[in-house]
Amino acid sequence: MGRDYYATLEVNRNATDGDIKKSYRRLALKYHPLANGLPGASEKFSELAEAYDVLSDPRKKATYDKFGEEGLKGGIPSDSAGGAWSSGYVYHGNPEKIFRQFFGGDNPFADFYTADGNEVDINFGGLRGRGVKKQDPPIERDLHLALEDLFYGCTKKIKISRRVMNEDGHTSSIKDKILTITVKPGWKEGTRITFPKEGDQGPNSIPADIVFIVRQKPHPRFTCQNNDLIYTAQISLEMALTGFSLEVETLDGRLLNIPVNDIVHPLYSKVVTGEGMPLSSNPSTKGNLIIQFTTHFPEKLTAEKKQLLKQALTL
């Protein structure tokens, strides 16, 4: 009785092409001489290659299924072949060739797994020295957030579409996934949120990390400077010289009444302590509210008003 290629690949005779591929992949990785130094591993690796070479080819498989190993290798009369392999099959004896053809490159160990499914990190220098698979470059996307989102914190759900490998290890499909981002109070422009290995999957690479970068949307009243909020008030020259009270609505809806009794010169700013953005490390602590001023000058003055100003400003 000739050898049983199905038993060699640990599949039954009704196995599909996908079953045969999946089993060869698992067993070839398990018994490859560079990964398995036990006695008999090299011989088993060669037997697996021959079995896969036969069962993965429809003509060879048809001949083997009908006539067995003897008919496959000895050849059969062409009139009984029925379109199957009619000349004797000779295994070329190079299991590495089958292995490389199957995985599509000189270094198939990018997806190397042990028999129990754990990933193995081995430097197979014999195959062009490229034993460790490389990760795809990170995919960066902007995450636009309102200033209120950064003040209070929020949750954002983002749907991505990515390529996912199917169970056979060779084909892939596009699937959607929801990524959840928990925005913490006090996050700043440029904060990076990384989802490891959520990029497209491939047979010979590690999926890319997906990185979202916080971008603050423009706000009608405030800009941010580190943990401080900057507010610009429009005032007249009279207000700048004589003092006034300023009302500022905060991000949380409170109305601050801020007295300004100083002379507002071009470099002047008013600091209101603790009314800025929360610190991400300690949200109960806040930065400051810094009020800057734009002073509007009159377009013209009468001679009388100019004289009055001169008198008022004369020390």
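In this text the structure is predicted, and so the values were computed from the model without any measurement. Heavy atoms only: backbone and side chains are in, while hydrogens, waters and symmetry mates are out.
- F195 and F212 have perpendicular rings, their planes meeting at more than 60° on a 0 to 90° scale where under 30° would count as parallel.
- In this structure, a donor-acceptor pair under 3.5 Å is absent between the side chains of D252 and Y152.
- Y6 is not listed as a side-chain neighbour of N12, based on a closest heavy-atom distance of 4.5 Å or more.
- Aromatic rings from F45 and F99 are positioned such that their centres are separated by under 6.0 Å.
- Between the side chain of D200 and the main chain of R163, a donor-acceptor pair closer than 3.5 Å is present.
- Under a cut-off of 6.0 angstrom, the local environment of NZ in K22 is sparse, with at most 12 non-hydrogen atoms contributed by other residues, nucleotides or ligands.
- For the 3.5 Å distance criterion, the side chains of N166 and S172 fail to qualify, holding no donor opposite an acceptor.
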Legend entry - Stepwise salt bridge (charged side-chain N to carboxylate O under 4.0 Å, His left out) check, E198 with K177: CA-CA 9 Å; E198 290 290 358; K177 183 172 183 178; 2.8 Å; yes
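- Environment of CD in E140: crowded, with over 12 heavy atoms of neighbouring residues, nucleotides or ligands closer than 6.0 Å.
- N288 places no side-chain N or O within donor-acceptor distance of the main-chain N or O of I290, the cut-off being under 3.5 Å.
- Under the 30°/60° scheme for interplanar angles, the aromatic rings of Y231 and F222 are found to be tilted.
- A donor-acceptor pair under 3.5 Å is formed between the side chain of D149 and the backbone N or O of A146.
- Of all the heavy atoms in K217 and H144, the pair that sits closest is CE-O, 3.7 Å.
- Hydrophobic clustering (side-chain heavy atoms under 4.5 Å, transitive across Ile, Leu, Val, Met, Phe, Trp, Tyr) groups W187 together with L179.
- Across I213, I181, T191, a single residue satisfies side chain to side chain contact (heavy atoms under 4.5 Å, CB included) together with L143, and that is I181.
- Looking only at atom types and distance, the side chain of Y5 has no donor-acceptor partner in the side chain of E47 under 3.5 Å away.
- In this structure, the side chain of S23 does not engage the main chain of I20 through any donor-acceptor pair within 3.5 Å.
- Formation of a donor-acceptor pair under 3.5 Å by the S46 side chain with backbone atoms of S42 is not found in this model.
- The aromatic rings of H265 and Y268 stand perpendicular to each other, their planes meeting at an angle above 60°, with 30° marking the opposite boundary.
- Between L301 and K306 the shortest heavy-atom distance is O-CE, 3.5 Å.
- A donor-acceptor contact shorter than 3.5 Å is absent between the side chain of N226 and the backbone of D228.
- Between T194 and D209, the side chains place no donor N or O within less than 3.5 Å of an acceptor N or O (distance only, hydrogens not considered).
- When the shell of 6.0 Å around CD of E304 is examined, it contains 12 or fewer heavy atoms from other residues, nucleotides or ligands.
- Here the side chain of S56 pairs a donor or acceptor atom with the backbone of Y52 at under 3.5 angstrom.
- Counting only N and O atoms by type, the side chains of N36 and K44 include no donor and acceptor under 3.5 Å apart.
- Scanning both residues, C224 and Q216, for their nearest heavy atoms gives CB-OE1, 3.6 Å.
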Legend entry - Derivation and outcome, salt bridge (charged side-chain N to carboxylate O under 4.0 Å, His left out), residues D65 and K61: CA-CA 6 Å; D65 287 345; K61 183 176 182 293; 3.2 Å; yes
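- In this structure, a donor-acceptor pair under 3.5 Å is present between the side chains of H219 and E148.
- For D53 (side chain) and E50 (main-chain N/O), no donor-acceptor pair under 3.5 Å exists by modelled atom type.
- At distances below 3.5 Å, at least one donor-acceptor pair connects side-chain atoms of E69 with backbone N or O atoms of R3.
- A donor-acceptor contact closer than 3.5 angstrom is absent between the side chains of S280 and K184.
- In this structure, I291 and V271 have side chains that are not in contact, with every pair of non-hydrogen atoms separated by 4.5 Å or more.
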